[in-house]
2 protein chains.
Amino acid sequence: MSTIYEVAALAGVSPATVSRVFNGLSVSSEKIRLVRDAAEVLKFTPNRTARRLRNQSSELIALLIPDIENPFFTALARGVEDRAQQSGYSVVLCNTDDDPDKETNYLDIAVSENMAGIILAPASADGDLAHVVSRGRPMVAVDRSTGFDIDAVMVDNRAAGIAATNALFDAGYSRVACIAGPVGIETTEERSLGWRQVVTRRGNPAGHDDYLQHANYRVDGGRAAMRTLLDLPTPPDAVVTTNNLMGVGALQILSEAGITPPEFGVAVVGDLPFTTLLPDAITQVHLPARHLGTTAASMLMERIAGDTQPARTIVLRASVTQGATPVPTAR
Amino acid sequence: MSTIYEVAALAGVSPATVSRVFNGLSVSSEKIRLVRDAAEVLKFTPNRTARRLRNQSSELIALLIPDIENPFFTALARGVEDRAQQSGYSVVLCNTDDDPDKETNYLDIAVSENMAGIILAPASADGDLAHVVSRGRPMVAVDRSTGFDIDAVMVDNRAAGIAATNALFDAGYSRVACIAGPVGIETTEERSLGWRQVVTRRGNPAGHDDYLQHANYRVDGGRAAMRTLLDLPTPPDAVVTTNNLMGVGALQILSEAGITPPEFGVAVVGDLPFTTLLPDAITQVHLPARHLGTTAASMLMERIAGDTQPARTIVLRASVTQGATPVPTAR
DNA sequence: TTGAAAGCGCTAACAT
DNA sequence: ATGTTAGCGCTTTCAA
């Protein structure tokens, strides 16, 4: 672990010159060679920690996501990475596990590590961002919004919920349930609000509040909720799930019960990951996960570059709705 | 962005005392209160960069994985995280994208950022680890081995390939192909070697070198390879894929061709992620992804704690083979 | 163009 | 128990 001093000594120049060489400042080509050779011999790599302490910033951006095992977030991460690398920034990923404490911990780290910026997919609405914001670190929220006045990029969740639900009614289903995520999570609330809006207008039978199920955001949550729905006195004949993983869970339960769409209607907000056998009756409302990432990264890059315009929110449409949803046959 | 000096001034103590308070060293409760209050007022958080420059180390460990979109690696990451958090370490994830250059870049970062340790799922066999190793940073390899004398934790890939192939023959298939990953990647080589070993013994028809297909490690690779296999003059009646994602691709192509296992035998080394409709005829050789992660993290923690025993390699068995593979019916 | 020197914020001797 | 101070490795004025 050699330092610029050792390189300087070996090259017969001053530490400042070594620093200049490594930062591309003007140095006589004579000494450049000397320094490079010496650095080569000593296997010198500049110590980023020291550089950072000096510069108060690094070429690292932190990306905090709530669930690293959810393909939606990994796709988003890829987007962030692609964009960041273009600008010479490296991305470190932190998994907050939907836990506000872990989130706060990683935010602290990102700030006190002097990272160049932060992209945050917030675990909860009430994370402690004041801290970060007050320090003036560039930050952009993605997927879910925060109570703070910062840049954000999101999808039109309401519209996504509406599209999913409409697709089901259009296909001829009449008792459309909804498997939503945990209460209080914005994305889920909005999507299920979309569902409710359509259902109110197009008419589920009255008195079926139990058609709205809350579950955890993962596969097992979807499974539990779907089981509950099937056990209802008057089960629904179709379901909207407000994210991809719960969609997987719901489909698993249906499959285990010997029910295959379009016998039962299924629409999922999000993309079903790694599908092998997929009834083409399933509706998917594709979310632009990767695009969310690139957009957020672009915004962050602008801020890092010094852009000081007021905070913006960009809303991406969950535009692409796919899924040949034929009129149910076997009912 | 306040410093210990400001806190010290406000609290009427010395910077050293502030430092001591924040590091839990003995300080009179009187001054502890003073310092805490001052820190509160100033919203002081210790600057990790400075601390690190001073300590030459941090409580951060870097995990480098080749494909963040592959559930195998995200499961592994979860394992690492769980174990690391237990010891008070935070994990930052870096996606090398199977690109040696990116890998080297992130390794450089990890080292020059003075991270406490590194867990590396190597992109290629010939990454430039000399650098890291020579600096004496604790490092453990996971999933694939390196040419270097460092700790490693892996699965018994040969055995996994053998188990998958045997399962297919046992079920009554007789022309068993193999979709392997890129040439030169250890895990894939080993697994396909396992396949070859069984096939040689239990007897594919002679002259079918084309039953071994190399593909990229992802879904589209599996798709392409499966298509090629089906187009062969004498197509196989079963296939082993050497990872999870290629398995997904193969199943997609079969499904699109209207072929459903067990009409055609499929065994995948790895776990099919997020399956919705899964013919129970499929054999899966489950890889202990998460366990790989926890084990690697444990080893790393030991090294960080100062353990200096010679490098160890731990081999985990891909023990659990699942999959009721009935004798094919419709042939 | 080059060097000397200060200082980024913190911790750990050392001294009191 | 507490304060003083040197220094981690780097960059960047300021002079020369």
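Heavy atoms only: backbone and side chains are in, while hydrogens, waters and symmetry mates are out.
Residue A:Phe22 is classed as having no contact, given no heavy-atom separation below 4.0 Å to the nucleic acid. Among the protein residues, A:Arg54 comes within range of the nucleic acid bases, having at least one heavy atom under 4.0 Å from a base atom. Here B:Arg20 lies in heavy-atom contact (under 4.0 Å) with a base.
In summary, B:Glu113 and B:Arg52 engage in a salt bridge, as defined by a charged side-chain N under 4.0 Å from a carboxylate O. One finds no salt bridge joining A:Arg218 and A:Glu69 here, because no Lys/Arg side-chain nitrogen approaches an Asp/Glu carboxylate oxygen to under 4.0 Å.
In this entry the distance linking CG of A:Leu34 with P of C:dT1 reads 17 Å, nearest Å. A:Gln56 has its CD atom 12 Å from the C1' atom of D:dT11, to the nearest Å. Put simply, CZ on B:Arg52 is 14 Å from P on D:dC10, counting in whole angstrom units. Distance B:Asn55 CG to D:dG9 P: 12 Å, rounded to the nearest Å. Here C:dT11 presents its C1' atom at 13 Å from CD of B:Glu59, a figure rounded to the nearest Å. Here D:dG3 presents its P atom at 12 Å from CD of B:Glu30, a figure rounded to the nearest Å. Here the P atom of nucleotide D:dT2 and the CD1 atom of B:Ile4 are 16 Å apart, to the nearest Å.
Candidate nucleotides D:dG9, C:dG3, C:dC10 were compared by shortest atom distance to the side chain of A:Ala50, and D:dG9 ranks first. Closest to the side chain of A:Arg51, out of D:dT2, C:dT2, D:dT11, is D:dT11. Comparing C:dT2, D:dG3, C:dG9 against the side chain of A:Thr17 picks out C:dT2 as the nearest. Of the candidates C:dA4, C:dC10, D:dG9, the closest approach to any side-chain atom of A:Ala16 belongs to C:dA4.
Applying the 4.0 Å criterion to OP1 and OP2 of D:dT11, one finds that A:Asn23 has a side-chain N or O inside that range. Taking only side-chain nitrogens and oxygens, A:Asn47 never comes nearer than 4.0 Å to OP1 or OP2 of D:dC8. A sub-4.0 Å separation between OP1 or OP2 of C:dT11 and a side-chain N or O of B:Ser19 is present. When the side-chain nitrogen and oxygen atoms of A:Ser28 are compared with OP1 and OP2 of C:dT2, one or more of them lie within a distance under 4.0 Å. OP1 and OP2 of D:dT2 both lie 4.0 Å or more from every side-chain N or O belonging to B:Ser14.
Residues A:Asp37 and A:Val41 form no side-chain contact, since every pair of their non-hydrogen atoms from C-beta on lies 4.5 Å or further apart. No side-chain heavy atom of B:Thr313 sits under 4.5 Å from any side-chain heavy atom of B:Asp151.
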Item to check | Test salt bridge (charged side-chain N to carboxylate O under 4.0 Å, His left out) applied to A:Arg144 and A:Asp98, step by step | outcome: CA-CA 12 Å; A:Arg144 306 180 196 164; A:Asp98 252 320; 3.4 Å; yes

Checklist entry - Does the pair A:Asp82 and A:Arg290 meet the rule for a salt bridge (charged side-chain N to carboxylate O under 4.0 Å, His left out), with working shown? => result CA-CA 9 Å; A:Asp82 290 349; A:Arg290 195 165 184 141; 2.7 Å; yes

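Both A:Leu25 and B:Tyr5 lie near DNA chain D, and the one whose nearest nucleotide falls closer to the 5' end is B:Tyr5. Nearest-nucleotide positions on DNA chain D place B:Ser29 closer to the 5' end than the other of B:Ser29 and B:Leu53.
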